[in-house]
Each structure stands twice: as structure tokens, then as C-alpha cells.
Number of protein chains: 2
Amino acid sequence: MSVVTPVVPRIVAGRIAHCERCGVRARSVCASLPENDLERLASIAVIRQCGPGEVIMMEGEPAGAYHNITSGFVRLHKSLPDGREQVTGFARPGDFLGLAAEDNYGVTATAIGAVQLCRFPRDRFRKLMHALPSLEDRLLEVASHELVIAQERMLLLGRKTARERVASFLLDLAPPCGETGMILLPMTRSDIADYLGLTIETVSRTLSAFRREQRIDIKVANQVQLLDRNGLRRIAQARA
Amino acid sequence: MSVVTPVVPRIVAGRIAHCERCGVRARSVCASLPENDLERLASIAVIRQCGPGEVIMMEGEPAGAYHNITSGFVRLHKSLPDGREQVTGFARPGDFLGLAAEDNYGVTATAIGAVQLCRFPRDRFRKLMHALPSLEDRLLEVASHELVIAQERMLLLGRKTARERVASFLLDLAPPCGETGMILLPMTRSDIADYLGLTIETVSRTLSAFRREQRIDIKVANQVQLLDRNGLRRIAQARA
DNA sequence: CTAGCCTCTTGATCGGAATCAAGGCGCGCC
DNA sequence: GGCGCGCCTTGATTCCGATCAAGAGGCTAG
């Protein structure tokens, strides 16, 4: 490993790959990569720190790099000229950014709160990808997964009612394994609304309705306690 | 090339890759593949014929194969239990089906009219993919492209008005280069409505409105003549 | 030709979410 | 503490697209 390789990125990339506790490994591109491939990946990474609201990559600009989130949350979104906005997704620690791009980025990525990233310059990353078949395989896997998610979201945006959307959203955030059911929302109501294709008022009203129906509890605005997951599941899936 | 390899698929796969006229090569996975890679791809292909309405692959079922369309149009869609349906996309000759899948297919693919496909059994295809780096590269490229498209559609479904949706739809169908502006719609109004997250009535009304405004002309229901592309573009992009 | 069916179009009415509007709450800062 | 500023919640009203309903045009079979 040459001297220009900073130590920090290597450590960080390693941490991403091994943080089993929060399920990061399963989503990360680093998942299932052998240790020495990880080393090589870390060797081309550059650490990048972003403050709240900072733009990580901008829709339409040349796709100069891929990123892997090591901490914090990111909002992925597209805008219309008149200011309407659609959040296409939220990214969490371990998530890989930049696959949804051709020559230019297809979405804007904005930091929610403080974010730390590993930045992989595009050319070097692609070269490495060709040298490491397991990495390219993994990228294809991640892309396929994201396509499945994207199509699920089209169904939500195109055909679900406000109640169904909000219920789906809550369940998506809840960890798969049966835990306490306490969800921390790192994003604002406005982000949620733009994610679900609704307005903040409708999101707020719907959450209030769920609380009245004893399906959830909200003590602080960004903490939701799930009380009736089966009920929410029934609403989300729109069983007649 | 072994005797079990049928001749027909090879010819068909070759034809897909070279049909420059209709722009197929650019979208096909076969694009930019060297001739002898194409041969190997063709060697694992099985021809499949589908009649109108026939299901090519079913959401939730084990992803047993990839497909490449050689002729005809395909509707990709997801359903809710109560029958609401979202068309996630239409696929044309040259398009590759099956990337949006993990262990199971993420969407259902249904033939619109008669369809001819090259079927690639999953295991053999993946093995070949590992043997042909240019193929895997191309798949990743196609997946990235589809992700960009998917996000564009989220913006449409989540934030655009009916007029904006229909205008966007017409422009997406129109060939990029300035041609006669005549669009043939292989799908029904119902398919279009489910694609745009609207009802057939709204699609029909909006098309009628565009006709009244001299932006399009419709002589036969499935043939639309674009008259005012700039106007449609302005509507689609929602310039205030 | 005609009956039956399917798809598309058009009109009338309804309803769910958007919009408009007004407060409430929490938090940092002076 | 108290003021100002965001963010969230709640209420009143509006409006776009859905739903309900009816009819037109085209295609096939007999």
C-alpha cells in the first residue's frame, strides 16, 4: 500500500463492511467481498465530510464519482422547474450512491444532518471493478435490488392511497426482525411527503389518524412507536 | 458449436444486435458485444413464442431465466390484491427482461400481441456472464440506465399532473430524432392509464384536450401524430 | 347485414388530497 | 426569561382526477 493512501478510508471502509449489528454489511457493496479486495477498494477511497443540506452529487452533472455512506443519512431526489420535488429514496450508512447514473447523475443527493462518505473516483473505481469480478457481481446485485425497490415505489406512487403510502413507509423503516417497534425518523415531514408523493399536511394528518386508531404512538415528532404492525400491514397491502 | 444449439436463436440474437434501423442495438444487451461473444450467448438461448396476454414471467415466482425480446411488445406490471395495477414499464424488441429480480421476479411481464423472445436459463446465463466481462459490463450499464428511467418515473407518478404525465408519455415514445412525429401505440388506453397512474377516462380526456389544442392529431385511436412538440415539451417539464 | 363485444370517448357527479389559513410547540440565541 | 424562527399539527375550503353512467365506433362471427 503506497504512502499516498490515507489510513482513515481503509479503516472506514473496513468498518462499513463489518458492521453486522446495524445490518450494513448486507446492503453495502462491500458485503461478501474478500478482505484483500476490500483493502484495494479502500486504497482508492477518499473521505468526504458533508454538513446538513450539503449537496453530495447533483442531478445532470457529470458522474465523477461513486460514494459509500459511512455515517449519516442522505436524501436522493429530483426536482421540477417550478420547485415540486420527488424524493426517490433515502440512503443509510453502508449504502452505495451513483449506480443510478449514466454519463450524468440521474438524481441529486443531499446530506440530512452530518454525513461521512467514502468517495471513489469513477475512473479508478471502474478500473478496479474490472479487476475484481466479485465487486462487479456485487454491483449488479445491488442494482437489481434497487430496481426491485424502484418498482415497488412506482406501485406506491401510482396506485396507493395516502393511508396505504404512510403505512408502507412506516413498515419499510421498521427493522425486519421483531424489535421494540421504535422508529427514528432522521428526515423531516417535508422529506417524507416528497418521498410519498403527498403534502406535509396529509402526512401529518395520516400519522395523527394512525395514532388515534392506536396503531402507532408519537411522543416526539421524529420518533414513531409501532403498536399494531399487522393492522398497518393490512392497510399497506390494501387487502379489500 | 455443438449440435444441440439450434440455429434459429443464433440468427435471432444476431438480428437483434444489428437492427440499427430501429435503434435496437443501442438498448440491447447485445450492443457492443463482439461477434463471437454473441455466438456464445446465442448458444444458450431458447426461442420462446408468446400469444397476446400470455405471461412471460410472474412477480414473486423464482427468477428462472432472463429474456431478450426479438419481436413484439411487453407490459411490465405489479398488482395490488384488490386489482389495482401499476404498469412499471413497456419493453420493446431488443429489451432485456429479468434484471429487476433478486431470487424472485419483481414484476410480471405480459405479452402485448404476439411476442418472440430469446430465453436464457438463469444459471447458464450467469455462468456465461462471468466468462464474458463485456457482457457483465453491459448488464450493469443497462441496469444503471433502467434505474435512471425508474427515477424519472417516480417524479412523474409522485409529482406530475395528468397533463404533464400524458405529455411526457407522448414525448418518451416519440423517436429522438425529428421524424414525422407519428407514434404507433401498441398498448391500450388501459395500459397507458396504468402506466401513468391515471384512469382510462383521464387519459382519453387529456388526449382529446391536446387534440383540441392542436398539439396532436388522432385519426385512429392507436396512432398519434405530434403537431406541437415544443408545446408538449413545455407541458411535460412543467415550466411555470 | 346484423348482433354482440370490446375499446374508446364524453358528460355528470363525487371524493380524497391539495391548498389556504391559523395556531402550537420546541429550540437556539440574545 | 422572552423573542424569533422552523417545523409540525389541525381546521376550512377548493379542485383535480376518480367514479358513475351513457353512448359511439370498430371488429368479428354468424
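Letters go in sequence order (proteins before strands), and every chain restarts at 1. As the structure is a computational prediction, the values presented were derived from the model and not from experiment.
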Which part of the nucleic acid, if any, lies within reach of A:T199 when heavy atoms closer than 4.0 Å are counted: base, sugar-phosphate only, or nothing?
base
Salt-bridge criterion met for A:R234 and A:E164 (N-O under 4.0 Å):
no
Is it the case that C:dT19 (base atoms only) and A:R205 (side chain only) share a donor and an acceptor within less than 3.5 Å, ignoring hydrogens and angles?
yes
Residue met sooner reading DNA chain D from 5', once A:S208 and B:K160 are mapped to nucleotides:
A:S208
Determine whether a donor-acceptor pair (N or O, by modelled atom type, separation under 3.5 Å) exists between the side chain of B:K160 and the backbone of B:A236.
yes
Among pairs that include at least one residue of residues 194-209 of chain B, which meet salt bridge (charged side-chain N to carboxylate O under 4.0 Å, His left out), considering only residues two or more places apart or in two chains?
A:R159-B:D194
If you pin B:A221 and A:V203 to their nearest nucleotides in DNA chain C, which one's is more 5'?
B:A221
Under 4.0 angstrom, heavy atoms only, what part of the nucleic acid is A:S204 near: base, sugar-phosphate, or nothing?
base
May I ask you to test the B:F210-B:V224 pair for a side-chain heavy-atom distance under 4.5 Å?
no
Just by distance, do the side chain of B:T70 and the backbone of B:Q116 share a donor-acceptor pair under 3.5 Å?
yes
Side-chain contact check for A:E201: nearest option of C:dT10, C:dC20, C:dA17 is C:dC20
I'd like to know if A:D191 pairs up with A:R189 as an ion pair, taking the criterion as any Lys NZ or Arg NE/NH1/NH2 lying under 4.0 Å from an Asp or Glu carboxylate oxygen.
no
Name the nucleic acid region contacted by A:L207, choosing base, sugar-phosphate or nothing; use a 4.0 angstrom heavy-atom cut-off, strictly under.
nothing
Under 4.0 Å from any heavy atom of chain B: name the first and the last nucleotide of DNA chain D that qualifies, 5' to 3'.
D:dG17 to D:dC20
